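These figures come from a predicted structure and were not determined experimentally. Labels below follow one simple rule: chain letters A, B, ... track the order of the sequence lines, proteins then strands, and each chain is numbered from 1.
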Protein chains: 2
Amino acid sequence: MSKKSTRVALACQALRQAIIEQALPPGTKLPEDELGLRFGMSRTLVREALAQLQSEGLVDAPPRRTATTAKPTLDQAREIFETRRMLEREVVRLVIARWRPQFGADLEGHVRAEETARQAGEARVSIRLAGEFHTRLGEMAGNSLLRRYLSEVVSRCSLILALYGRPHSADCAVNEHREIVAALRAGNAETAIRIMDHHIGSVEARALLDQGRDAGFDLGTVLSRYASGLDEPGSAKVARIPKAKAKGKR
Amino acid sequence: MSKKSTRVALACQALRQAIIEQALPPGTKLPEDELGLRFGMSRTLVREALAQLQSEGLVDAPPRRTATTAKPTLDQAREIFETRRMLEREVVRLVIARWRPQFGADLEGHVRAEETARQAGEARVSIRLAGEFHTRLGEMAGNSLLRRYLSEVVSRCSLILALYGRPHSADCAVNEHREIVAALRAGNAETAIRIMDHHIGSVEARALLDQGRDAGFDLGTVLSRYASGLDEPGSAKVARIPKAKAKGKR
DNA sequence: CTGGGCATTCTTGTATACAGTTTTCGTCTG
DNA sequence: CAGACGAAAACTGTATACAAGAATGCCCAG
């Protein structure tokens, strides 16, 4: 939300990315201490970040237990997709209503990037770009609240795919995105909505068909990839540096 | 969101209520210290509550300055109403789709309560009930995410009315609510949506027509009305009680 | 073995200390 | 008298301490 580029916002961003890109599978424990250690900040800030992510539905933080990456139930998943479909519909309407030629170029460029990533087999990048396509549309709708809601559901859908979907998702998605752009450009709202609905439907189907698997992974190594801009010991931006009484990873 | 009935949730609730009922006009300063004093908790928790409310759009908390009750711009107000209209539309559709006879009785009871409050001239209660009517619909839609989004926009609309609307708002609203219930009962989605749209439109018109006024009020006395369940000195639920180094209201 | 404590350890809940920023206000100067 | 300066006051940012609640594991009675 607010662009306050504070450290908690960075931590948030790092975790959000990691969760969305499915690097931290649903259910992964997120102990405040350890995150604080990794991010080079105190639990106070980690806790703030976790609260934020919880409100975005990416993290479960039940009262007196360790937070985990969210693990939505099938019912919740359905709700999220239902909501997403509504929002995307409205976004399409708004984008067409406010259409600028520049939008077309912009979106087409994005789709090209998706295609490139797909061909390169860059799963992680593909996933991110696929989400960003929708986010981008959300921006074009010119309603920041709607954009926020859309971003939230899109993120959560990534999470759901990680939980219930099959590993390598965004394949045909690229083509569907291309079709959507074409429909938008043509300015036919009903058509565009129909395609978008179908697109979401196919994503949902992919998600709710087969069951998830658990990959092996390590919290530390994964996070180190996402913690750029944080935890630079010599940053000197901060008065006191957390003591980090490293106890050797248990 | 999560029903964790912790103290911060209570503080949140108290502030939210106070803001929605327009007891704390937009722009009111909310210093962490003073809130902590009032609520009998430390800044840590107050801060958490404020963060939550900020994410709901009820509080502005710019980086290094005192938080205030939110003061949306006209543009933001328009965005919020636009979004609300979308959500309410979808809610109406869903409610009709899942209609139970009990819904009718429930809603009619609610409208009666609104009517009673209106006649009694209970402005504060009227405002709350008017919002709850929509919230109630949100529950009947059977989609908790959608419900959350709806609650959020409804709250924010109350805030907007406090800022830009005329003092005593929810008058004719009761009748419009009655019409909506009738349309829902009839099961005609298109009609119900049309009425709902008109309803939101009239609320919006009321809001964005004349400008706000500032009433006299005092943070302390206002909050004391909303802090029930908090700050009971003998509650003994907590180990340590904040020291409350009362410095006599400046 | 085998389930039920009970001690130990891991983590979270919450208050508080201290440093750094922003505001406020009074005073001084042109 | 307006604006500038500067010191004091009011707050927020962040780390940390300590208490208390879960989780884990171990030992013993049955």
Kindly give the atom pairs (protein nitrogen or oxygen, nucleotide nitrogen or oxygen) under 3.5 Å for nucleotides 21-23 of chain D.
| residue | atom | partner | partner atom | Å |
| --- | --- | --- | --- | --- |
| D/dG21 | O4' | A/Arg64 | NH1 | 3.2 |
| D/dA22 | O3' | A/Arg65 | NH2 | 3.4 |

Exercise. Quick one: is C/dT14 close enough that its OP1 or OP2 comes under 4.0 Å of any side-chain N or O from B/Thr44?
Worked result: no
For this session: Look at A/Arg7 and D/dA15 and indicate whether a side-chain polar atom (N or O) is within less than 4.0 Å of OP1 or OP2.
Result: yes
For this session: Only one of A/Leu163, A/Ile19, A/Leu15 passes side chain to side chain contact (heavy atoms under 4.5 Å, CB included) with A/Thr69; say which it is.
Result: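 Answer after filtering A/Leu163, A/Ile19, A/Leu15: A/Ile19.
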Exercise. Is it the case that A/Glu132 and A/His110 place a side-chain donor and acceptor less than 3.5 Å from each other?
Worked result: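 No, no side-chain donor-acceptor contact under 3.5 Å.
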For this session: Please identify each residue that fulfils side-chain contact (heavy atoms from CB on, under 4.5 Å) with B/Ser144, with sequence neighbours left out.
Result: A/Glu79, B/Arg147
For this session: Go through the structure and list residues passing side-chain contact (heavy atoms from CB on, under 4.5 Å) with A/Gln17, not counting sequence neighbours.
Result: A/Gln13, A/Glu21, A/Arg128, A/Tyr226
Can you check the [X] [atom1] to [N] [atom2] distance for me, whole Å?
{"X": "A/Leu10", "N": "D/dT14", "atom1": "CG", "atom2": "P", "value": "11 Å"}
{"X": "B/Glu48", "N": "D/dT12", "atom1": "CD", "atom2": "P", "value": "16 Å"}
{"X": "B/Leu50", "N": "D/dC11", "atom1": "CG", "atom2": "P", "value": "14 Å"}
{"X": "B/Leu35", "N": "D/dT12", "atom1": "CG", "atom2": "C1'", "value": "13 Å"}
{"X": "A/Met41", "N": "D/dT16", "atom1": "CE", "atom2": "P", "value": "13 Å"}
{"X": "B/Glu34", "N": "D/dC11", "atom1": "CD", "atom2": "C1'", "value": "12 Å"}
{"X": "A/Leu45", "N": "C/dT12", "atom1": "CG", "atom2": "P", "value": "15 Å"}
{"X": "B/Leu30", "N": "D/dT12", "atom1": "CG", "atom2": "C1'", "value": "14 Å"}

Problem set entry | From A/Leu58 atom CG to A/Ile20 atom CD1, the distance as rounded to the nearest 0.5 Å | 6.0 Å
Exercise. NA contact type, B/Thr66, heavy-atom cut-off 4.0 Å: base, sugar-phosphate, or nothing?
Worked result: sugar-phosphate
Seminar exercise, completed: DNA chain C nearest-nucleotide lookup for B/Arg43 and A/Glu32: closer to the 5′ end is A/Glu32
Problem set entry | Test item: A/Arg84 side-chain N/O and A/Val154 main-chain N/O as donor-acceptor pair under 3.5 Å | no
Problem set entry | Selection from D/dT12, C/dA15, D/dA15 that lies nearest to any side-chain heavy atom of B/Ser42 |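 In terms of side-chain proximity for B/Ser42, the closest of D/dT12, C/dA15, D/dA15 is C/dA15.
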Exercise. Hey, mind stepping through B/Arg38 and B/Glu34 against salt bridge (charged side-chain N to carboxylate O under 4.0 Å, His left out) and telling me if it holds?
Worked result: CA-CA 6 Å; B/Arg38 298 281 164 202; B/Glu34 181 158 358; 3.5 Å; yes
